[in-house]
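Since the structure is predicted, the reported quantities are computational estimates derived from the model, not experimental observations.
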Amino acid sequence: MKYQLAIIGGGPAGYTAAEAAGKAGLSVVLFEKKSLGGVCLNEGCIPTKTLLYSAKVYDYARHASKYAVNVPEASFDLGKIIARKQKVVRKLVLGIKSKLTAHGVNIVTGEAVIADSHTVRCGEETYECENLMLCTGSETFIPPIPGLENVDYWTHRDALDNKEVPASLAIVGGGVIGMEFASFFCSLGVQVTVIEMMDEILGGMDKELSALLRADYAKRGIKFLLSTKVTGISKDEAGVTVSYEQADGAGSVQAAKVLMSVGRRPVTKGYGLENLGLEVTERRCIKVDEHMQSSVPGVYVCGDLNGVSLLAHTAVREAEVAVHHILGKEDAMSYRAIPGVVYTNPEIAGAGMTEEALKAAGMSYNIVKLPMAYSGRFVAENEGVNGVCKVLTAEDGTVLGAHLLGNPASELVVLAGMAIEDRRKLEDWKRYVFPHPTVGEIFREL
């Protein structure tokens, strides 16, 4: 069986590449050992956002009186929330399969093993290919914490399928995944403690806005332990005890459940990657060029495996660039304005450089910052809630970074990303006519 493109991994990078290549007339085989959609669709982006939206609706119902609406007894059914999540995932997985099939992609379910850059084996079959694309994704990183092996801890996957509300939850890791689950369970009335080794939650996001979000959730009852190193985890009849060290001494926190959420790492074992002899970076990730091609001609690496940006939307764009290179179309990958979003309530999002990154690079910059209350739509829909729009510019006004706290930051950040990618200036936003009233008008007010 000979193909022009063989793809290992059916996540956002893999299925995007397969569809684009199939649509362009290439013969494509896609190997996926679990379910199409990868971690993002089956146990990441989509299911978490489905749960978070249910929590947001519940929040709105509980606080409806702020909008002069009476909801006397708002309640939730976690079992039905989980069932709805599963329904959403099934629908989207079937949609991906339908699109790939329509474009002639041969979907092979099983564990693919690389023999060389032009040969892949799966089961008893051997597949030859002109080009090989690796989109194997990432997995949850579990740190070597003493005692953890003796505790029935949660990963994000377990938390997504849990149908009982724990009385309390300790979350080890205050990154994106940790904070989204903290938001979800806080909305459900769970006593949440977030333990973070760094001095602020959401490393990589704008520190000022991250601190504002943390303060907001602290008012809602979440306890934050920052600059805190977990030294051990144990279990007894009362639940789980997480021991930690801080600058001023040791301590511990007890909870009914503990969620491990300290990060993810690329999947590099189990499929013959070592048979390719690919060049790696200093961080031991696969080295790629601007076309996503590795050191071996015809072998492309997209998504988490290259270690540049472990985000689904980055993987999608990388896959498009790689397919374009195979087709001979001019294109190149840019990481100048990759948006990052945390789907808490309120949302926080950013694109481009942060203040911390600009300082580290020794670059001069200006800050232009406005409260979201400058948007009439935001005021109308966010009673008693504050928000911030913060834009960082070069001396000539070129937009270097933009960061937003407030709903719907996830929908607005693309406006900032486009300006950053195209090296637009702050004043350029004023040339566009924004519909009124919209929250996005905040960019015209800067």
Side-chain angles (χ1 to χ4, degrees), residues 34 39 42-44 47-48 51-52 54-55 76-83 85-86 138-203 214 217-218 220-265 267 269 342 344:
K34 292 182 180 178
V39 169
N42 292 281
E43 54 188 66
T48 54
L51 297 190
L52 285 165
S54 290
F76 66 89
D77 185 324
L78 184 54
K80 289 183 178 179
I81 289 175
I82 298 299
K85 177 264 297 185
Q86 292 166 338
S138 61
E139 59 190 357
T140 301
F141 171 65
I142 303 298
I145 299 173
L148 184 61
E149 69 277 7
N150 301 318
V151 173
D152 185 22
Y153 62 87
W154 280 353
T155 63
H156 73 283
R157 187 184 299 111
D158 304 303
L160 282 171
D161 290 332
N162 167 66
K163 296 180 181 178
E164 295 183 5
V165 182
S168 54
L169 175 66
I171 300 177
V172 180
V176 175
I177 298 172
M179 278 307 301
E180 289 186 347
F181 277 112
S183 173
F184 176 71
F185 284 105
C186 177
S187 292
L188 301 191
V190 176
Q191 177 56 57
V192 177
T193 301
V194 176
I195 307 166
E196 171 55 50
M197 184 180 290
M198 306 299 288
D199 62 356
E200 189 54 85
I201 60 171
L202 302 176
R214 174 173 52 82
Y217 271 100
R220 301 188 215 179
I222 294 182
K223 182 179 180 181
F224 291 93
L225 298 173
L226 303 180
S227 302
T228 301
K229 180 182 179 181
V230 175
T231 56
I233 297 181
S234 60
K235 183 177 177 60
D236 56 30
E237 293 180 359
V240 180
T241 299
V242 181
S243 302
Y244 58 80
E245 286 182 355
Q246 296 176 318
D248 56 356
S252 65
V253 60
Q254 271 204 330
K257 290 286 184 181
V258 62
L259 169 63
M260 298 302 300
S261 180
V262 298
R264 299 183 64 78
R265 61 183 177 189
V267 176
K269 300 182 186 300
V342 189
T344 44

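Closest heavy-atom contact between T241 and S252: CG2-CB, 3.9 Å. Here the closest non-hydrogen pair linking V194 and A182 is CG2-CB, 3.9 Å. Among all heavy-atom pairs drawn from T231 and Y244, the shortest one is OG1-N, 3.7 Å. Here the closest non-hydrogen pair linking P143 and L148 is O-CD2, 3.8 Å. For the pair V262 and V172, the tightest heavy-atom approach, listed with the atom from each and the gap, is CG1-O, 3.5 Å. The heavy-atom pair separating A170 from V242 by the smallest distance is CB-CG2, 4.2 Å.
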Inset, instruction - Start with the C-alpha distance between R264 and E139, add both sets of side-chain angles, then the distance that settles salt bridge (charged side-chain N to carboxylate O under 4.0 Å, His left out), and finish with yes or no. - result: CA-CA 5 Å; R264 299 183 64 78; E139 59 190 357; over 6 Å; no

Inset, instruction - Please test I82 against L51 for side chain to side chain contact (heavy atoms under 4.5 Å, CB included), starting from the C-alpha separation and ending with a verdict. - result: CA-CA 7 Å; I82 298 299; L51 297 190; 3.9 Å; yes

Inset, instruction - Determine, step by step, whether I142 and T155 satisfy the side chain to side chain contact (heavy atoms under 4.5 Å, CB included) criterion, reporting the C-alpha distance in whole Å, the side-chain angles of both residues, the deciding distance to 0.1 Å, and the verdict. - result: CA-CA 9 Å; I142 303 298; T155 63; 4.2 Å; yes

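The backbone N or O of G221 lies less than 3.5 Å from a partner atom in the side chain of Q191, making a donor-acceptor pair. At least one donor-acceptor pair closer than 3.5 Å links the side chain of S168 to the backbone N or O of A256. Without hydrogens or angle criteria, Q246 side chain to D248 main chain gives no donor-acceptor distance under 3.5 Å. With hydrogens and angles disregarded, no donor-acceptor distance shorter than 3.5 Å links the side chain of S183 to the backbone of M179. Side-chain atoms of H156 never come within 3.5 Å of backbone atoms of G44 as a donor-acceptor pair (strictly under, hydrogens ignored).
Between E200 and L226, the closest side-chain pair of non-hydrogen atoms falls below 4.5 Å. Residues I145 and Y153 are not in side-chain contact: their nearest non-hydrogen atoms beyond the backbone lie 4.5 Å or more apart. F76 places a side-chain heavy atom less than 4.5 Å from the side chain of V165. Residues M260 and V230 fail the side-chain proximity criterion, which asks for heavy atoms closer than 4.5 Å. Here the side chains of L202 and R214 are not in contact, with every heavy-atom distance at 4.5 Å or above.
For residues 158-185, the salt bridge (charged side-chain N to carboxylate O under 4.0 Å, His left out) pairs, not counting sequence neighbours, are K49-E180, K85-D161.
In this structure, the separation between CH2 on W154 and CG on L160 is 10.0 Å, given to the nearest 0.5 Å. One distance of note links OG of S243 with CD of Q254; it measures 9.5 Å at 0.5 Å rounding. The line from CD1 of I195 to CZ of F224 is 12.0 Å long, rounded to the nearest 0.5 Å. For the atom pair CD1 of I171 and CG of L259, the computed distance is 5.0 Å after rounding to the nearest 0.5 Å.
By the neighbour-count criterion of 12 heavy atoms within 6.0 Å, atom CG of D152 is sparsely surrounded, having that number or fewer from other residues, nucleotides or ligands.
Applying the ring pair (Phe, Tyr, Trp, His ring centres under 6.0 Å) rule to F184 yields no partners; only residues at least two apart in sequence or on another chain are considered.
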